[in-house]
Amino acid sequence: MSVAKKQYKRITTKSLVDMKSNGEKIAMLTAYDYTMAKIVDGAGIDVILVGDSASNVMAGHETTLPITLDQMIYHAASVVRGIERSLVVVDLPFGSYQSDPKEALRSAIRIMKESGGHAVKLEGGKEIKESIKRILNAGIPVMGHLGLTPQSIYKFGTYTVRAKEEEEAEKLKSDALLLEKLGCFAMVLEKVPAKLAKEVSESVSIPVIGIGAGNGVDGQVLVTHDMLGMTHEFNPRFLRRYLDLHEEMTNAFKSYMQDVKSLDFPSDEEQY
Ligand code: KIV
């Protein structure tokens, strides 16, 4: 059992800040449904992210843009029913917080009330400052997300590493300080140079959780379907696969098919 599993009965936003102070790394994974959430929570993962990556891995869209607030609430409520200990953070989807702070707050309130999630995550820095402030003022914990922000993919035009140039790196550093100052409890840093991510993590007191951001940050997040090897077509350098479920599942489906067609299944013991 990990130190955190022994020490924290339930993970809260404060536990994460304490973990950073104590030098204990934070483990975060995505989940979008009850069964997966129950397994991830049972394994002792600190934070479950109901990511808008559900748009890709659950719904098969090319980007995260199409997923709606109602769909995010459905996924988040299913995850919450499966957990006992993990902190559940829910992505505010594209279009639910960018146009004005009042709408951002309404969207965050719907997530908290209708799903039972514990916090929300928003992509961006200075541009969405007023929305973050309004959500925080209502008592809703906010996780920030800087670097590669997939909801802006059509602005970037590519999923390659962000903030390699000085100007973008400076903006990222000032956005990180701003998120801390506003009162965010943590932030995700996606696909930025490891040296920059380490610098950002050392400049703020709140946890910085990286994905493709090296090992100098305070924790790591991966998309569960990717780390389980269910998504074969997605191969970024930062992804470590812990299983090849694509192959395992394919073999299981083939065995089942063979058993059905050969009348081996169900056997005498498998019927009433
Ligand atoms: O939606 C998501 O899964 C995310 C992670 C990649 C951080 O935002």
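Hydrogens, waters and symmetry mates are skipped; everything else that's a heavy atom, side chains included, is used. Owing to the predicted nature of the structure, the values given are computational and were not obtained by experimental measurement. Residue numbers start at 1 and run along the sequence shown. As the structure lists them, so they are numbered: ligands from 1, and atoms in each ligand from 1.
In this structure the side chain of M58 never reaches within 4.5 angstrom of the side chain of I67, judged on heavy atoms.
Protein heavy atom at the shortest distance from atom 7 (C) of ligand 1 is L49 CD2, 3.7 Å. Scanning the protein for heavy atoms near atom 8 (O) of ligand 1, the closest one is K121 NZ, 2.9 Å. Nearest non-hydrogen protein atom to atom 3 (O) of ligand 1 is S53 OG, 2.5 Å.
Side chain to side chain, S267 and E270 meet the donor-acceptor criterion of an N or O pair below 3.5 Å.
A salt bridge links K173 and E170; the closest N-O separation between the charged side-chain nitrogens and carboxylate oxygens is under 4.0 Å. A salt bridge does not link R134 to E130: none of the charged nitrogens lies less than 4.0 Å from a carboxylate oxygen. A salt bridge links K121 with D91: the closest approach of a Lys/Arg side-chain nitrogen to an acidic carboxylate oxygen falls below 4.0 angstrom.
Numbered from 1 in the order shown, with element, the atoms of ligand 1 that lie under 4.0 Å from a heavy atom of G51 read 1 (O), 2 (C), 3 (O). Within ligand 1, the atoms closer than 4.0 Å to a non-hydrogen atom of D91 are 1 (O), 2 (C), 8 (O), numbered from 1 in the order shown. Interface of T30 with ligand 1, defined as ligand atoms under 4.0 Å from a residue heavy atom, comprises 3 (O). Here is the list of ligand 1 atoms found below 4.0 Å of a heavy atom in H145: 8 (O).
If you look at I211 next to ligand 1, the close heavy atoms, those under 4.0 Å, all belong to the side chain. Using a 4.0 Å cut-off between heavy atoms, D52 contacts ligand 1 through both its backbone and its side chain.
Checking side-chain atoms of S107 against main-chain N and O of E103 turns up a donor-acceptor pair under 3.5 Å.
The aromatic rings of H225 and Y32 lie tilted to each other, with the angle between the two planes from 30° to 60°.
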